[in-house]
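These numbers come from a predicted model, not from an experiment. Side chains are part of it too, since the values below use all heavy atoms of this structure and drop only hydrogens, waters and symmetry mates.
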Amino acid sequence: MVGALAVVCIGGLLPACAGGSGSGVSRVVDEYLRAWRRHDYRAMAKLVDRPPADFVAFNRAAVTDLGIERADYVRGRASQHDRTASISLRNRFDVRGLGTWRARGELSLIERRGRWHIDWSPRAIDVGLQPGNHPVRKTQWPDRAPILGAGGAALTMATPMVTVGVQGSRVTDAGALTSALQGAGATPAQVSTALTTATAHPQWFVPVLDLPQAQYEQLRPTLYPVPGTVFQTHTSRHAITPDLDAHVVGSVGPITAEQLSKLGPPYRATDTVGQTGIEQAYERELAGRPGGSIQVVDGAGNVVSTLASFKGKPGAPVQTTLDPALQRAGEQALSAVAQPAALVAIRASTGEVVAAVSQPSQSPNIALTGQYPPGSTFKVVTTADLLEHGVTPSSPATCPASITIGGQTFRNFEGEAVPSLSLADAFAQSCNAAFIGLAANLPHESFTSTAQQFGLGVTPHLGLDAFGGKVPTPNSDAERAATAIGQAKVAVSPLAMATVAGAVDAGSLHEPRLVAGTRDDTTPPQPLDPTVVAGLQSMTAGVVTNGTATGAGLPPDTHGKTGTAEFGTDDQLQTHAWFIGYRGDLAFAIIVTGGGVGGTVAAPIAAKFLSATGPGG
């Protein structure tokens, strides 16, 4: 809606401006401008001599179509000659999302049978408008700024696309057309809707689906010959890998009504905006502000002149820590996995997220926001807690097949039993009963405080929504036992567990970083107890050399911890397969949801990933 409209007299040159009521030129001008202020176009028309048929529509469109939010009218000196008069106007229009349009207008008047009337023309708005012309708004967004990865590498690219559509007048066999479109990937609903529209408007181009140019070329022999198919080419912005496009970097697309309401000016219903990931979270930074113009168009649609121009503001690039090579390696490592799975890799020395993969692409961003029990990967935290309370890697333990705590019986996952072993051996073999027995003397609250030393339970601020895990203080001995082996109410994301692995590697907690300039981008590292770090580094090496990950084919110098996390409510519980670890400065976490055993499912994926990254990642 237009805001308040100011009517200001200059120099007291009209009789009404000097204080008299008057009934001549000034009275009519005053009434007209007051009606204009109220958007009362019909009242304006009553003051106009022989108003054109489109008077109301024209003036309403000058406000709504141009997006005028506020208008101020300042009138100048009146010039009267016998039965005609004119008054200059200095108009200021605040155009939504573009800026201020300062226009010079003019009102003409004519006297008929002793009464003055407005002799209206579009010049009242701007003297550049003539009868038969109308103003139109043109908006031009700057090129969308890039999203960058490590070393300034572009994470987005312009992709040639083909829009496959139908034209009703060309359709000869609706069944064959339907079959061809669905064979190209269109849903039955998309085809049905398009054919209905094409029947009602046989000359229209009715879009059905978009295909990358390369995919279209593959389908062209079966699509192009079908009568009724029509095609348009254009470019679309995409991330450089499928998973980045679906999740972290995200995608762009036509603005929705909800997004339009939330974003407000300068966005309009025809714009394209970020839909997911960084593209959505950093929409305003990437898009910048549009420029545009107010143009004069004649009855044939030809641009006659330009009344005002507005300069746009280029978008600003968004810098991330993602490494394209490592991202591709992560996506390839998960490519053959049937279940939903995720991989997160970080630079241990900085906390920089260099890869974040969630598959399939249709799944949520489980790499950053998933919430799962960590299972035995949480034994890294429990071991740190034990080491802080005086236990050493060589401290003795027992590994019975089962152990009962607080009335609840816990069993080793594969039923193994070892009468006597050390903490380091229990860690390497991931003996649940040994850890539950050793943890029986730990204070309940120490699980939560120790977990926080590794970043668990701390909300990440890295530029996108992320889950940092939760480790509630156990409220019973049985819950303490379950917490010690990463069950109970403990929940983590792959990002959170990669952060844990990175802390062991670096000897300090580095909060994960993804987008430059976010709060965690400048959070200083928090050193861990060197004795605890040394013990964990030694024991994570043992998991690979003589423990549960020995047969996974991991490269030399890999450290890690397997996890097999139970979930569900059935008698036969399912398990998530976990593996977390590091090699050189590259720390990582992998989960295959419902995947089974961590050492035989997740660890080989880590081996594939690390082999593709080269020595030290």
Side-chain angles (χ1 to χ4, degrees), residues 1-52 54-96 98-131 133-135 137 294 296 305-308 310:
M1 293 294 292
V2 174
L5 289 84
V7 182
V8 181
C9 298
I10 301 296
L13 295 168
L14 292 176
C17 295
S21 59
S23 60
V25 170
S26 63
R27 180 187 62 79
V28 174
V29 171
D30 287 343
E31 288 186 22
Y32 184 86
L33 294 179
R34 282 196 294 268
W36 206 355
R37 175 189 294 177
R38 301 192 306 269
H39 324 305
D40 190 345
Y41 306 115
R42 297 190 183 281
M44 292 164 61
K46 292 179 180 179
L47 299 170
V48 174
D49 180 57
R50 301 170 187 173
D54 65 346
F55 176 86
V56 170
F58 184 96
N59 281 277
R60 180 178 290 119
V63 170
T64 57
D65 292 355
L66 298 180
I68 295 175
E69 295 181 304
R70 178 182 175 86
D72 294 311
Y73 306 98
V74 179
R75 67 185 191 183
R77 182 179 300 273
S79 174
Q80 182 174 340
H81 300 282
D82 297 330
R83 299 171 63 182
T84 63
S86 64
I87 294 178
S88 63
L89 300 175
R90 285 190 286 121
N91 304 328
R92 169 179 167 152
F93 303 110
D94 291 340
V95 183
R96 182 184 304 114
L98 289 180
T100 299
W101 169 26
R102 300 183 186 276
R104 184 166 60 89
E106 183 179 83
L107 275 178
S108 297
L109 297 96
I110 188 169
E111 183 186 22
R112 295 188 186 278
R113 292 186 290 276
R115 297 187 60 185
W116 286 95
H117 304 268
I118 302 293
D119 187 13
W120 185 84
S121 84
R123 289 170 59 86
I125 297 171
D126 191 292
V127 294
L129 287 165
Q130 302 296 330
N133 296 342
H134 63 278
R137 168 186 173 136
I294 305 297
V296 178
S305 62
T306 298
L307 301 177
F310 307 92

Partners meeting side-chain contact (heavy atoms from CB on, under 4.5 Å) with [X] (sequence neighbours left out):
{"X": "Arg42", "value": "Asp40, Val56"}
{"X": "Ser88", "value": "none"}
{"X": "Arg102", "value": "Arg92, Thr100"}
{"X": "Asn91", "value": "Tyr73, Leu89, Phe93, Ala103"}

Any side-chain heavy-atom pair of [X] and [Y] under 4.5 Å:
{"X": "Leu47", "Y": "Trp116", "answer": "no"}
{"X": "Thr84", "Y": "Gln80", "answer": "no"}
{"X": "Val29", "Y": "Arg75", "answer": "yes"}
{"X": "Val28", "Y": "Leu109", "answer": "yes"}

As an exercise, state the distance from [atom1] of [X] to [atom2] of [Y], rounded to the nearest 0.5 Å.
{"X": "Arg137", "Y": "Leu98", "atom1": "CZ", "atom2": "CG", "answer": "4.0 Å"}
{"X": "Ile125", "Y": "Ile68", "atom1": "CD1", "atom2": "CD1", "answer": "7.0 Å"}
{"X": "Glu31", "Y": "Trp36", "atom1": "CD", "atom2": "CH2", "answer": "15.5 Å"}
{"X": "Arg83", "Y": "Asp119", "atom1": "CZ", "atom2": "CG", "answer": "12.5 Å"}

Sequence-distant partners of Asp49, salt bridge (Lys or Arg N to Asp or Glu O under 4.0 Å), two or more places apart: Arg112
Salt bridge (Lys or Arg N to Asp or Glu O under 4.0 Å) partners of Arg115, counting only residues at least two apart: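 Not a single residue meets the salt bridge (Lys or Arg N to Asp or Glu O under 4.0 Å) criterion with Arg115.
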Pairs involving residues 121-130, ordered by first then second residue, that meet salt bridge (Lys or Arg N to Asp or Glu O under 4.0 Å) (sequence neighbours left out):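 Listed once each, the pairs are Glu106-Arg123.
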Non-neighbouring partners of [X] that pass side-chain hydrogen bond (donor to acceptor under 3.5 Å, both in side chains), sequence neighbours left out:
{"X": "Ser79", "answer": "His81"}
{"X": "Ser86", "answer": "none"}
{"X": "Arg104", "answer": "none"}
{"X": "Arg60", "answer": "none"}

Passing option when Ile118 is tested against Ile87, Ile110, Leu107 for side chain to side chain contact (heavy atoms under 4.5 Å, CB included): Leu107
Passing option when Leu129 is tested against Ser121, Ser305, Pro135 for side chain to side chain contact (heavy atoms under 4.5 Å, CB included): Pro135
Ala308 to Trp101 - nearest heavy-atom pair and separation: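 Heavy-atom minimum between the residues: CB-CD1, 3.4 Å.
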Distance-minimising heavy-atom pair for Gln130 and Pro122: O-CG, 3.7 Å
Non-neighbouring partners of Phe58 that pass ring-ring contact (aromatic ring centres under 6.0 Å, His included), sequence neighbours left out: Trp120
Side-chain (Asn59) to main-chain (Phe55) donor-acceptor, under 3.5 angstrom: yes
